[in-house]
Visitor: 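Sharing a structure here in structure tokens format.
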2 protein chains.
Amino acid sequence: MNAEFENVCHTMKFEAVTIKDIAKALGLSTSTVSRALRDSYEISPETKKLVLECAEKLNYRPNPVALSLKERKTRSIGVVVCEIANSFFSQIINGIESVAYDRGYNVIISQSHESYDREVVDLQFLSSRGVDGVLVSVSTETSDYEHISNLHSKGLPIVLFDRIAPGINTHTIIIDNFKGSYEATEHLIHNGYKKIAALCPSEFLSISSERLAGYKEALGANDLKVNNDYIKHCFYGGMVFSEIEEAINQLMTLKDPPEAIVTLSDKLTLGALKTFKRRGLKIPDDIALVGFSNADIAEITDPALTFVRQPAFEMGKAATELLLQLIESKRPVTEFEKRILSPEFIVMESGNSRS
Amino acid sequence: MNAEFENVCHTMKFEAVTIKDIAKALGLSTSTVSRALRDSYEISPETKKLVLECAEKLNYRPNPVALSLKERKTRSIGVVVCEIANSFFSQIINGIESVAYDRGYNVIISQSHESYDREVVDLQFLSSRGVDGVLVSVSTETSDYEHISNLHSKGLPIVLFDRIAPGINTHTIIIDNFKGSYEATEHLIHNGYKKIAALCPSEFLSISSERLAGYKEALGANDLKVNNDYIKHCFYGGMVFSEIEEAINQLMTLKDPPEAIVTLSDKLTLGALKTFKRRGLKIPDDIALVGFSNADIAEITDPALTFVRQPAFEMGKAATELLLQLIESKRPVTEFEKRILSPEFIVMESGNSRS
DNA sequence: TTCTTTTGTGCAAACGTTTGCAGGTATCAG
DNA sequence: CTGATACCTGCAAACGTTTGCACAAAAGAA
């Protein structure tokens, strides 16, 4: 009595109903059915009604793969980030997904894990899987951008965000890194600190040099000298905790150690907090701290963290909008936008004056 | 002089080279080329060599969409979670991506944002986009599971993880929620606390009842009575901060307020920490706290947080392995596995005895 | 009646692959 | 010289759609 159920249960494949099934059921041709479904003017109202009803009854869903093949687009976009499990990037992906969802696009994620080789493979994989465009934030190790510019010159729409690659003529979207670190540094200066160190991500990264420039400029604008001993780079930017511990150790054992520190990325901020705690250093009395952070931690540290928050969700949204605009544009786009989002500076207590 | 470059720049589409191009270039038929590429025994070594070289030269990449159409599978899997920007879930996605990457599958992410309606749409969208299978963790609002069982009975491979749906006969993978909260509660008891409250996610969620059972059992096993005033549910489990604040307010204004609290999810733990800080409550002297957490915060709170850590990455990996096994199985699978991962209990300071 | 127009429908090609079948050409044995 | 046996290659169908073109029938105009 339950032949259909049996059938369903023994076929692994989820046998979808096609336009052919409708055509057969109605004694029409597939073309008529197709036209009826797309409400073409060539089809009589009665036929349309019939087809629509039948499609409804059979629960017809157009096969997206067949459409992709025909139209040569997949309605999916690829994303390459260093790491998903990182507040900043997961918030970005949230933004990406929100726009993509509204516009009917799939989001395909891949991670470089800060490896150049992996980034190359990821990008190759995504493009070979036929995504309509990609959103890229380069890895720490990346200093050669040919894998990106190659795809770009082949016509694959690309939007670069946050960590951008120089020399690629396309839309980019970043935050005002200079401003973020300038404000952070200035805040410390205004609270009376003069010996301020900076903990930076890899020197290769665009964000790193921009943030470092903001730090230096803030010192200069307040008649403070830049001391190179106070500038430490962590190549893997915190993926490797020991890197941070080591850098802070070096700072704190200088004959003239800093009284304050600005940490120029999410992971570095977290790592610094952890290191201070392990070494029993009190904030801000032993060392003041202001850092970039998108994790939801400001209010749970003691004292509460003064930090630079990046508009990650907005960045993801904006990047996706730019990408879809590129993808859906009828004519080649030659004018590219360089959008700059403003970071938020949130004053709590960790950068306050010493008591 | 630069016709090719011009051409590339004025075509939006990224014109891929096909098997036909190779066939034309070599004066062969597409079938011969196809066979040569797949190293068929029917093709002479010389022809193969020729074809391979030509493919290499032209940088041929098989079109995955055409393959999908032919083989009726897309080599992509869908994931439905409540939220990406949540440490626990982003770690899970990391695990999913790691396995999928190794096996050549794409991962397509979607978020329910804890909404039942959105979950239904997401699942519908993924299945209509032809994913080969889906990984699902249900939303807080979900109490009717028909949208999932419908797809499942149509033959779509599904694996449920963490927040599982009852009554669906497929692989499931969860952590030992009972054990996690039992240990957390017992730790507080062993440190001398008797008045212990529990802050739980929505009652609908499988994880919620399991964790609550662990809490109750630990109390019972130590001759403590369960006090229903001490049990608070946050329906949106922390998506709405005020919910947590409100619940804690209610607890702390009881005539006999608790001395300790166990928070039974990541977000609840974070929210509780924040609330205590805002109200100036000192841990553990004013109130002790032990909670579930996968965020990297244990070592930066003051005092350091004693917590239950879920093996999220492993869960993502295991779920994906089970799903791919289902997808790639030749014959229908009828025996399903219910895998249970063990949480880690990490003792720091926030649940210690009062000084 | 005959010629045009309108209306409704179907054929077949195309998107890029794979593959069963048939056909071709050597090579070899008898 | 003939028949069998390799070995190599191509035709065409199929996967599910869309769409240019052709065709048929009916209606309107002359």
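Here is how names work: the chains are called A, B, and so on, in the same order as the sequence lines, proteins then strands, and each is numbered from 1. Note that the coordinates shown come from a computational prediction; the quantities given were computed from them, not determined experimentally.
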Visitor: So does B:Arg72 get a side-chain nitrogen or oxygen closer than 4.0 Å to the phosphate oxygens (OP1/OP2) of D:dG16?
Guide: yes
Visitor: Give every residue pair that meets the side chain to side chain donor-acceptor pair (under 3.5 Å) criterion with at least one member in residues 161-171 of chain A, sequence neighbours excluded.
Guide: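 Qualifying pairs: A:Glu114-A:Arg163.
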Visitor: Does D:dT17 have its OP1 or OP2 closer than 4.0 Å to a side-chain nitrogen or oxygen of A:Lys20?
Guide: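 So the side-chain polar atoms of A:Lys20 never come under 4.0 Å of the phosphate oxygens OP1 or OP2 of D:dT17.
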Visitor: Which heavy atom of B:Asn94 sits nearest a heavy atom of A:Ala85, and at what distance?
Guide: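 Heavy atoms only, the tightest pair is ND2-CB, 4.4 Å.
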Visitor: To the nearest 10 degrees, how far apart in direction are the end axes of the helix from C:dT1-D:dA30 to C:dG30-D:dC1, each fit to five base pairs?
Guide: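 So the angle between the two local helix axes works out to 80°.
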Visitor: Base, sugar-phosphate, or nothing for A:Gly130, non-hydrogen atoms under 4.0 angstrom?
Guide: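 Nothing, no heavy atom under 4.0 Å.
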Visitor: Between B:Ala66 and B:Ser29, just flag the one whose closest nucleotide in DNA chain D comes earlier from the 5' side.
Guide: B:Ser29
Visitor: What is the separation between atom CD1 on B:Ile22 and atom P on C:dG16, rounded to the nearest whole Å?
Guide: 13 Å
Visitor: What is the minimum heavy-atom distance between A:Tyr116 and A:Asp144, and which atoms define it?
Guide: CE1-O, 3.6 Å
Visitor: Once rounded to the nearest 0.5 Å, what's the spacing between atom CD1 of B:Ile92 and atom CD of B:Glu97?
Guide: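 One finds 14.5 Å between CD1 of B:Ile92 and CD of B:Glu97.
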Visitor: Think B:Thr18 has a side-chain N or O under 4.0 angstrom from the OP1 or OP2 of C:dG16?
Guide: no
Visitor: Looking at every heavy atom in both B:Gly104 and A:Arg129, which two are closest together, and how far apart are they?
Guide: O-NH1, 3.3 Å
Visitor: So which of residues 45-54 of chain B are in contact with DNA chain C, with a heavy-atom cut-off of under 4.0 Å?
Guide: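 Listed by number, there are none.
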Visitor: Considering non-hydrogen atoms only, spot the tightest contact between A:Asn150 and A:Ser153 and give its length.
Guide: O-OG, 3.0 Å
Visitor: Determine the minimum heavy-atom distance between B:Val138 and B:Ala165, stating which atoms define it.
Guide: CG1-CB, 4.2 Å
Visitor: Which of these, A:Leu135, A:Val99, A:Val131, A:Leu126, sits in a side chain to side chain contact (heavy atoms under 4.5 Å, CB included) with A:Ile77?
Guide: A:Leu135
Visitor: Return the value, rounded to whole Å, for the distance between atom CG of B:Leu69 and atom P of D:dA14.
Guide: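 It works out to 14 Å between those atoms.
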Visitor: Could you give the CG-to-P distance, from A:Asn63 to D:dA14, as a whole number of Å?
Guide: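 Nearest whole value for this atom pair: 17 Å.
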Visitor: Pull out every protein N or O sitting under 3.5 Å from an N or O of nucleotides 26-28 of chain D, one pair per line with the distance.
Guide:
none

Visitor: Identify, with sequence neighbours excluded, every residue that meets salt bridge (charged side-chain N to carboxylate O under 4.0 Å, His left out) alongside A:Arg61.
Guide: none
Visitor: Using whole Å, what does the distance between atom P of nucleotide C:dG8 and atom OH of A:Tyr41 come to?
Guide: 11 Å
Visitor: So, taking the atom named OH in A:Tyr145 and the one named CD1 in A:Ile168, what distance separates them when rounded to the nearest 0.5 Å?
Guide: 8.5 Å
Visitor: Could you tell me whether B:Lys49 and B:Glu53 have a side-chain N and a carboxylate O separated by less than 4.0 Å?
Guide: yes
Visitor: Would you mind reading off the distance between B:Leu26 atom CG and D:dT9 atom P, rounded to a whole angstrom?
Guide: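 Rounded to whole Å, this separation is 11 Å.
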Visitor: Hey, are B:His147 and B:Glu119 close enough side-chain-wise for a donor-acceptor pair under 3.5 Å?
Guide: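 Per modelled atom types, B:Glu119 and B:His147 side chains form a pair under 3.5 Å.
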Visitor: Could you check whether B:Glu42 and B:Ser40, counting side-chain N and O atoms only, form a donor-acceptor pair closer than 3.5 Å?
Guide: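 B:Ser40 vs B:Glu42: donor-acceptor pair found between side chains.
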Visitor: Closest heavy-atom contact between A:Cys54 and A:Leu26?
Guide: SG-CD1, 3.7 Å
Visitor: Give every pair of a protein N or O atom and an N or O atom of nucleotides 18-22 of chain D that lie under 3.5 Å apart, one pair per line with the distance.
Guide:
unit_1: D:dT18; atom_1: OP1; unit_2: A:Arg38; atom_2: NE; d: 2.9
unit_1: D:dT18; atom_1: OP1; unit_2: A:Arg38; atom_2: NH2; d: 3.1
unit_1: D:dT18; atom_1: OP2; unit_2: A:Ser34; atom_2: OG; d: 2.6
unit_1: D:dT18; atom_1: O2; unit_2: A:Lys70; atom_2: NZ; d: 3.2
unit_1: D:dG20; atom_1: O6; unit_2: A:Arg35; atom_2: NH1; d: 3.4
unit_1: D:dG20; atom_1: O6; unit_2: A:Arg35; atom_2: NH2; d: 2.9

